[in-house]
Amino acid sequence: MIVKRLELKDYFSFLGEDGNNPTLDIYLPDEVMDRADFKRPCLVVCPGGGYGGCSPREAEPIALNFLPEGFNAFVL
């Protein structure tokens, strides 16, 4: 499995406030890198938190649950 975190403020300077830096966590199975022509479904997970935070239990566990089902997963 390949896991990578992108700091979105590095790409979009207008994002984030009060020192916050939004991130995108990427979860890909290893075999994705072996084939350039292989297409997989994608899942974007937006964990909740009532607009006041981010719920960790609705982030990585959800992405990891869909990974074996053939999805590339992204947690925003």
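Positions are given from 1, in the same order as the sequence printed here. In what follows, every heavy atom counts, from backbone to side chain, and hydrogens, waters and symmetry copies are set aside.
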For this session: Locate the shortest heavy-atom distance separating Leu67 from Met1; write the atom from each residue and the value.
Result: CD2-SD, 3.2 Å
Problem set entry | Side chain proximity check, Phe74 to Cys42, heavy atoms < 4.5 angstrom | yes
Exercise. Side chains of Tyr11 and Leu6: closer than 4.5 Å at any heavy-atom pair?
Worked result: yes
For this session: Side-chain contact test, heavy atoms from C-beta onward, threshold under 4.5 Å: evaluate it for Arg57 versus Pro47 and give yes or no.
Result: no
For this session: Examine Leu43 and Val3 and state if one hydrophobic cluster contains both, with Ile, Leu, Val, Met, Phe, Trp and Tyr joined whenever side-chain heavy atoms are less than 4.5 Å apart.
Result: yes
Exercise. Should Leu76 and Leu28 be counted in the same cluster of Ile, Leu, Val, Met, Phe, Trp and Tyr side chains packed under 4.5 Å apart?
Worked result: yes
For this session: Please tell me if the side chains of Ile2 and Tyr27 come closer than 4.5 Å, counting only heavy atoms from C-beta onward.
Result: no
For this session: Decide yes or no for Cys46 and Val75: does some side-chain heavy atom of the first lie under 4.5 Å from some side-chain heavy atom of the second?
Result: no
Exercise. Between Leu15 and Leu8, what is the shortest heavy-atom contact and its length?
Worked result: CD1-CB, 3.9 Å
Exercise. Partners of Arg5 by salt bridge (Lys or Arg N to Asp or Glu O under 4.0 Å), sequence neighbours excluded?
Worked result: Asp25
Problem set entry | More than 12 heavy atoms of other groups within 6.0 Å of Phe71 CZ | yes
Problem set entry | Asn21 (side chain) donor-acceptor with Lys9 (main chain) under 3.5 angstrom | yes
Problem set entry | Side-chain donor or acceptor of Glu58 paired with backbone N/O of Gly48 under 3.5 Å | yes
